[in-house]
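First the structure, in the form of structure tokens, and then the observations on it.
For this chain, numbers begin at 1 and follow the sequence in order.
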Amino acid sequence: MKIAIVCYPTFGGSGVVATMLGTALAKRDHEVHFITYHQPVRLDLLARNIYFHEVSVEEYPLFHYQPYDLALSSKLVNVVQEYGIELLHVHYAIPHAYAGYMAQQMLKEQGIELPMVTTLHGTDITLVGNHPVYKPSVTFSINNSNIVTSVSDSLKQDTLELFDIRTSIEVVPNFIDMSRYSEEFKDCDRSMMAFPQERIITHLSNMRPVKRIQDVVSIFEKISKEIPSILIMVGDGPERAAAEEYAKKLGLQLKIKWVGNSTEIDRILCFTDLFLLPSEKESFGLAALEAMANKTPVISSNTGGLPEVNENGVTGYTSDVGNVEEMALNAIKILKDDDTLSIFKTSAYNKAQEFDIHKIVPQYEELYHKAIYSKHNND
Ligand code: GMT
């Protein structure tokens, strides 16, 4: 099948999911065309069956905001015509589903029927999409997608509650390639990061307000009073400077390593003992799944789809947003002795198997066939 994928190419989870999906589809002999303003951060352009088409926006002084959605829909029309694309899969509704709909209408005038699958990722529904500035357009483009998926059941419920949805929503969870995390994977040279008696705690995110990274620092401060430990903060974003300041105020600067955006996430998670994700909102929490695949238990909030990933009392613990006291107490419960930690590590790894890429990608393929088949049926 010839598939076009639209996504954000940045470090966010939706771009990572789209890139992993496209790469897996290419390995399954589909022809995959990525269409976005920059090469996705984890995309291997040298891989077989993978193509990238850059969307460039022609700047014009009259424009206060550059019309990226117009440029995207035009690029989609060109690529569909040039390569005979059979299906469009857009990740993150804003503005991708809207631009995809416009491309469909332009192609229809030329007798080309292009089915579109829209995957909802989180803040396109719970935060940005729900804002009155965007809501009418987001509602329209969801209702006019041939197939709609969400990355968790929680996000499906949020979508049905917040929007006037007149189409079905299929839940297809995010995924991970478990073959990259075989059990005997032992290349975890933790001695380079911490003393033998210290526990290694990690947080990874784009450090926007929704991630509550000052809670991460507060939780760590309480843990470190009871258990010798260090904290590795991975990622960068608008809240990082204030959180670093807060950590200094607590006298933690020697115990916290701020490593910025890293391409060595698996190596860091490999020697991590506990992962912290106290988000305000989290439709799925891909970072938590990546930690669990690396045999790392998770302390997280119970918001959104997180409880569908981080099983309370089994792969870690979940608490109400902002309850840093309880999160710290639960973290200490896990870290206090090696046997308890080992049980949680194994449970986290086993739970991650449920989200293996080989179980999830066929669900997308089935929906692609359904979208194309229903298109033929309407012909
Ligand atoms: O920044 C966002 O909120 C969008 C997106 C991203 O690109 O990081 O995050 C959302 O999509 C991820 C991939 O499906 C999910 O794992 C995240 O939970 C979700 N973020 C939120 O819901 C806050």
Is [X] atom [atom1] crowded by more than 12 heavy atoms from other residues, nucleotides or ligands, each under 6.0 Å away?
| X | atom1 | result |
| --- | --- | --- |
| Glu366 | CD | no |
| Lys135 | NZ | yes |
| Tyr8 | OH | yes |
| Phe63 | CZ | yes |
| Gln197 | CD | yes |
| Glu58 | CD | no |
| Glu325 | CD | no |

Indicate yes or no: does [X] engage [Y] in a salt bridge with an N to O separation below 4.0 Å.
| X | Y | value |
| --- | --- | --- |
| Glu354 | Lys359 | no |
| Arg180 | Asp356 | no |
| Glu245 | Lys249 | no |
| Glu308 | Lys156 | no |

Could you tell me which non-hydrogen atom of [X] sits nearest to which non-hydrogen atom of [Y], and how far apart they are?
| X | Y | value |
| --- | --- | --- |
| Leu277 | Phe275 | CB-CE2, 4.0 Å |
| Ser347 | Thr315 | O-CG2, 3.6 Å |
| Ala97 | Thr118 | CB-OG1, 3.7 Å |
| His38 | Pro9 | O-CB, 3.0 Å |
| Leu204 | Ala287 | O-CB, 3.9 Å |

For the side chain of [X] and the backbone of [Y], is there at least one donor-acceptor N/O pair under 3.5 Å apart?
| X | Y | answer |
| --- | --- | --- |
| Thr303 | Glu280 | yes |
| Asn78 | Leu76 | no |
| Thr272 | Leu274 | no |
| Lys336 | Lys333 | yes |
| Thr123 | Val128 | no |
| Arg190 | Asp273 | no |

Between [X] and [Y], what is the ring plane arrangement, given parallel below 30°, perpendicular above 60°, and tilted in between?
| X | Y | result |
| --- | --- | --- |
| His91 | His121 | tilted |
| His89 | Tyr368 | perpendicular |
| Phe344 | Tyr317 | tilted |
| His96 | Tyr68 | perpendicular |

## Note on the structure
Which of Val216, Val259, Leu276 passes side-chain contact (heavy atoms from CB on, under 4.5 Å) with Met233? It is Val216
### Query
Which one of Pro228, Ser229, Ser218 satisfies the side-chain contact (heavy atoms from CB on, under 4.5 Å) criterion with Ile223?
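Among the candidates, only Ser229 passes.
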### Message
Can you confirm if the aromatic rings of His358 and Phe175 lie within a centre distance of less than 6.0 Å?
### Response
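They do not qualify: ring centres at least 6.0 Å apart.
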### Task
Please tell me if the side chains of Phe220 and His203 come closer than 4.5 Å, counting only heavy atoms from C-beta onward.
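Not touching, per the 4.5 Å side-chain cut-off.
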### Query
To the nearest 0.5 Å, how far apart are NZ in Lys281 and CG in Leu155?
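Reported to 0.5 Å precision, the distance equals 11.0 Å.
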#### Entry: Straight-line distance of Asn294 CG to Ile265 CD1, nearest 0.5 Å
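It comes to 10.0 Å.
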### Task
Is it possible for you to say whether Tyr134 and Phe163 belong to one hydrophobic cluster, with membership spreading through side-chain heavy-atom contacts below 4.5 Å?
yes
### Query
Hey, quick one: are Leu70 and Val80 part of the same hydrophobic cluster, counting side-chain heavy atoms closer than 4.5 Å, chains of contacts allowed?
no
